[in-house]
Novice: 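This is the structure, below, for whatever I ask next.
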Amino acid sequence: MTDAAALPGQPRGGVLSGPATARAVNVLAPNPSAMTLDGTNTWIVSEPDSPLAVVIDPGPQDDAHLSRVVETAEKMGKRVALTLLTHGHPDHAEGAARFAELTRTPVRALDPALRLGDEGLAPGDVITTGGLEMRVVATPGHTADSLCFHLPADQAVLTGDTILGRGTTVVAHPDGRLGDYLDSLRRLRSLTVDDGVHTVLPGHGPVLEDAQGAVEFYLAHRATRLAQVETAVENGHSEASDVVAHVYADVDRSLWPAAELSVRAQLDYLREHGLI
């Protein structure tokens, strides 16, 4: 068995649902799959002594899960006052409208189409509900509307799908762009270097105790895959599906359709930079 401390980002062992930091509690959605890992992490975030809480990514359209999120907050002595979305993929956002009905809360997101209420989200915004301080960080790349939330008091960052608790994420071409994603990873690395962030609270998978190690692993992984794609093209494999078969031969074939999205994003990046 591999020691978790030796894995990228030092994933925390144990049950995924429950308290993760002094201010963040996870309620795991029952939607496990090859793409969602154990399921979607729905985060309840609040100041310990505040009666108000913020929920990030209510998850899929599953009334039992959405009700469980509300009940978990209530057992903590909290009332959900605000809902935030890291991005618009259904496993994170599909249940947001129903959750807003249950909690009578606005839904804030970068994409106007996902918002319920007058306020959206923009890079640099500071969420202050119930005395909580969370800073909105622009992290496009997985999708154009991807955001992370920096929780300074816990030296943590909630990453949605930008960094996962296990494995690596997809650059969801054409909406996701590799150049944007690399810039976003560097932005997260600056949080670990300059702002003391050491904990990743991901949208899927376990909490990571070594945020900087996770970011560095992601950057190195992307550089390796990009070099492999470039070599594959130089060897005559110009179609994305053909590149996947050569570069991702070590990956479960059920994940190849998702891998092809990343390959298409990598091919665009290589063309844009005159490398192929």
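This is a predicted model, so every value here is computed, not measured. FYI, the numbering just counts along the sequence from 1.
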Novice: Can you label the angle between the His92 ring and the His204 ring as parallel, tilted or perpendicular, going by 30° and 60°?
Specialist: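 Perpendicular, since the angle between the ring planes exceeds 60°.
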Novice: Rounded to the nearest 0.5 Å, how far does OG1 of Thr83 lie from CG of Leu85?
Specialist: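 One gets 7.5 Å once the value is rounded to the nearest 0.5 Å.
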Novice: Going by heavy atoms in the side chains, are Leu208 and Arg12 under 4.5 Å from each other?
Specialist: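 Leu208 vs Arg12: side chains apart.
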Novice: How many angstroms lie between atom OG1 of Thr103 and atom CD of Glu74, to the nearest 0.5 angstrom?
Specialist: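 Answer rounded to 0.5 Å: 10.5 Å.
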Novice: Would a single hydrophobic cluster contain both Leu178 and Ile163, if residues Ile, Leu, Val, Met, Phe, Trp and Tyr are joined by side-chain heavy-atom contacts under 4.5 Å?
Specialist: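 Same hydrophobic cluster.
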Novice: Got a second to check how far Ile56's CD1 is from Ile44's CD1, nearest 0.5 Å?
Specialist: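 With rounding to 0.5 Å, CD1 (Ile56) is 10.5 Å from CD1 (Ile44).
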Novice: Roughly how far, to the nearest 0.5 Å, is the OG1 atom of Thr139 from the CG atom of Leu110?
Specialist: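 Result: 9.5 Å between the selected atoms.
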Novice: Quick one: does Trp256's side chain have a donor or acceptor within less than 3.5 Å of a partner on Val251's backbone?
Specialist: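 Indeed, once roles are kept as given, a pair shorter than 3.5 Å links the two residues.
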Novice: Test side-chain contact (heavy atoms from CB on, under 4.5 Å) on Val157 and Thr199; report intermediate values, then the result.
Specialist: CA-CA 6 Å; Val157 60; Thr199 302; over 6 Å; no
Novice: If I take atom CZ from residue Arg108 and atom CG from residue Leu116, how far apart are they, to the nearest 0.5 angstrom?
Specialist: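 Interatomic distance, Arg108 CZ to Leu116 CG, rounded to 0.5 Å: 13.0 Å.
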Novice: Does Asp175 reach the main-chain N or O of Thr143 with its side chain, forming a donor-acceptor pair under 3.5 Å?
Specialist: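 Not at all, since once roles are kept as given, no pair shorter than 3.5 Å links the two residues.
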Novice: Do Lys78 side-chain atoms and Pro48 backbone N/O form a donor-acceptor pair below 3.5 Å?
Specialist: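 Judged by distance alone, yes, a pair lies under 3.5 Å.
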Novice: I'd like to know if the side chain of Tyr269 reaches the main chain of Leu226, judged simply by a donor and an acceptor atom lying under 3.5 Å from each other, with no hydrogens or angles considered.
Specialist: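 No, Tyr269 side chain to Leu226 backbone: no donor-acceptor pair under 3.5 Å.
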Novice: With clusters built from Ile, Leu, Val, Met, Phe, Trp and Tyr whose side-chain heavy atoms come within less than 4.5 Å, directly or transitively, what are the remaining members of the cluster of Leu28, listed by chain and number?
Specialist: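 Leu16, which link up through side-chain heavy atoms under 4.5 Å apart, make up the rest of the cluster.
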Novice: Do Asp57 and Thr86 pair up side chain to side chain, a donor and an acceptor below 3.5 Å, judged on atom types alone?
Specialist: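 Yes - a donor-acceptor pair under 3.5 Å links their side chains.
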Novice: Salt-bridged, Arg177 to Glu272, with N to O below 4.0 Å?
Specialist: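 Salt bridge flag = yes for Glu272 with Arg177.
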Novice: So, are Arg135 and Asp125 salt-bridged, with charged N and O less than 4.0 Å apart?
Specialist: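 Result for this pair is no, no salt bridge flagged.
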Novice: For Glu101, is there an ion pair with Arg98 - N to carboxylate O distance below 4.0 angstrom?
Specialist: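 Between Glu101 and Arg98 there is a salt bridge, with a charged N closer than 4.0 Å to a carboxylate O.
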Novice: With a cut-off of under 6.0 Å to the ring centre and 45° to the axis, is Arg225 in cation-pi contact with Tyr248?
Specialist: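 Checked: cation-pi criterion met.
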Novice: How long is the gap from CG on Leu164 to OG1 on Thr169, to the nearest 0.5 Å?
Specialist: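 One gets 4.5 Å once the value is rounded to the nearest 0.5 Å.
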Novice: Check whether any side-chain N or O of Ser146 sits under 3.5 Å from a backbone N or O of His142 as a donor-acceptor pair, and report yes or no.
Specialist: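 No, because the side chain of Ser146 does not come within donor-acceptor range (under 3.5 Å) of the backbone of His142.
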Novice: Does the side chain of Arg189 reach to within under 4.5 Å of the side chain of Leu185, using non-hydrogen atoms?
Specialist: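 No - every pair of side-chain heavy atoms lies 4.5 Å or more apart.
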Novice: Take Ser67 and Val70 through the side-chain contact (heavy atoms from CB on, under 4.5 Å) test and state the conclusion after the steps.
Specialist: CA-CA 5 Å; Ser67 296; Val70 175; 5.7 Å; no
Novice: Heavy-atom distance under 4.5 Å between the side chains of Val137 and Leu191, does that happen here?
Specialist: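 The answer is yes, as the side chains (C-beta and beyond) meet within the 4.5 Å cut-off.
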Novice: So, applying side-chain hydrogen bond (donor to acceptor under 3.5 Å, both in side chains) with His198, which one of Gln10, Gln155, Glu209 is it?
Specialist: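 Testing each of Gln10, Gln155, Glu209 against His198, the sole residue satisfying side-chain hydrogen bond (donor to acceptor under 3.5 Å, both in side chains) is Gln155.
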Novice: Tell me, please, which residues at least two apart from Glu230 pass salt bridge (charged side-chain N to carboxylate O under 4.0 Å, His left out).
Specialist: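 With sequence neighbours excluded, Glu230 shows a salt bridge (charged side-chain N to carboxylate O under 4.0 Å, His left out) to no residue whatsoever.
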Novice: Quick one: do Arg264 and Glu260 make a salt bridge, cutoff under 4.0 Å?
Specialist: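 Answer for the salt bridge query: yes.
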Novice: Does Ala64 offer a backbone N or O that forms a donor-acceptor pair with the side chain of Asp62 under 3.5 Å?
Specialist: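 Yes: the side chain of Asp62 pairs with the backbone of Ala64.
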Novice: Where the side chain of Asp154 meets the backbone of Ala156, is there a donor-acceptor pair that is under 3.5 Å apart?
Specialist: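 Flag not set: sc Asp154 to bb Ala156 has no pair under 3.5 Å.
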Novice: Hey, is the main chain of Val171 close enough, under 3.5 Å, to the side chain of Ser262 for a donor-acceptor pair?
Specialist: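 Judged by distance alone, yes, a pair lies under 3.5 Å.
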Novice: Check whether more than 12 heavy atoms from other residues, nucleotides or ligands sit under 6.0 Å from atom CG of Asn235, and answer yes or no.
Specialist: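 More than 12 heavy atoms, drawn from other residues, nucleotides or ligands, come within 6.0 Å of this atom.
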Novice: Would Thr40 and Asn31 count as having a side-chain donor-acceptor pair, cut-off 3.5 Å?
Specialist: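 A pair is found: one side chain offers a donor N or O, the other an acceptor, under 3.5 Å apart.
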Novice: When you measure from the side chain of Thr159 to the backbone of Cys148, do you find a donor-acceptor pair of N or O atoms at a distance under 3.5 Å?
Specialist: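 Not a single qualifying donor-acceptor pair exists.
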Novice: Whether the side chain of Glu94 engages the backbone of Gln61 through a donor-acceptor N/O pair (distance < 3.5 Å, no angle test) should be reported.
Specialist: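 Between the backbone of Gln61 and the side chain of Glu94 there is a qualifying donor-acceptor contact (under 3.5 Å).
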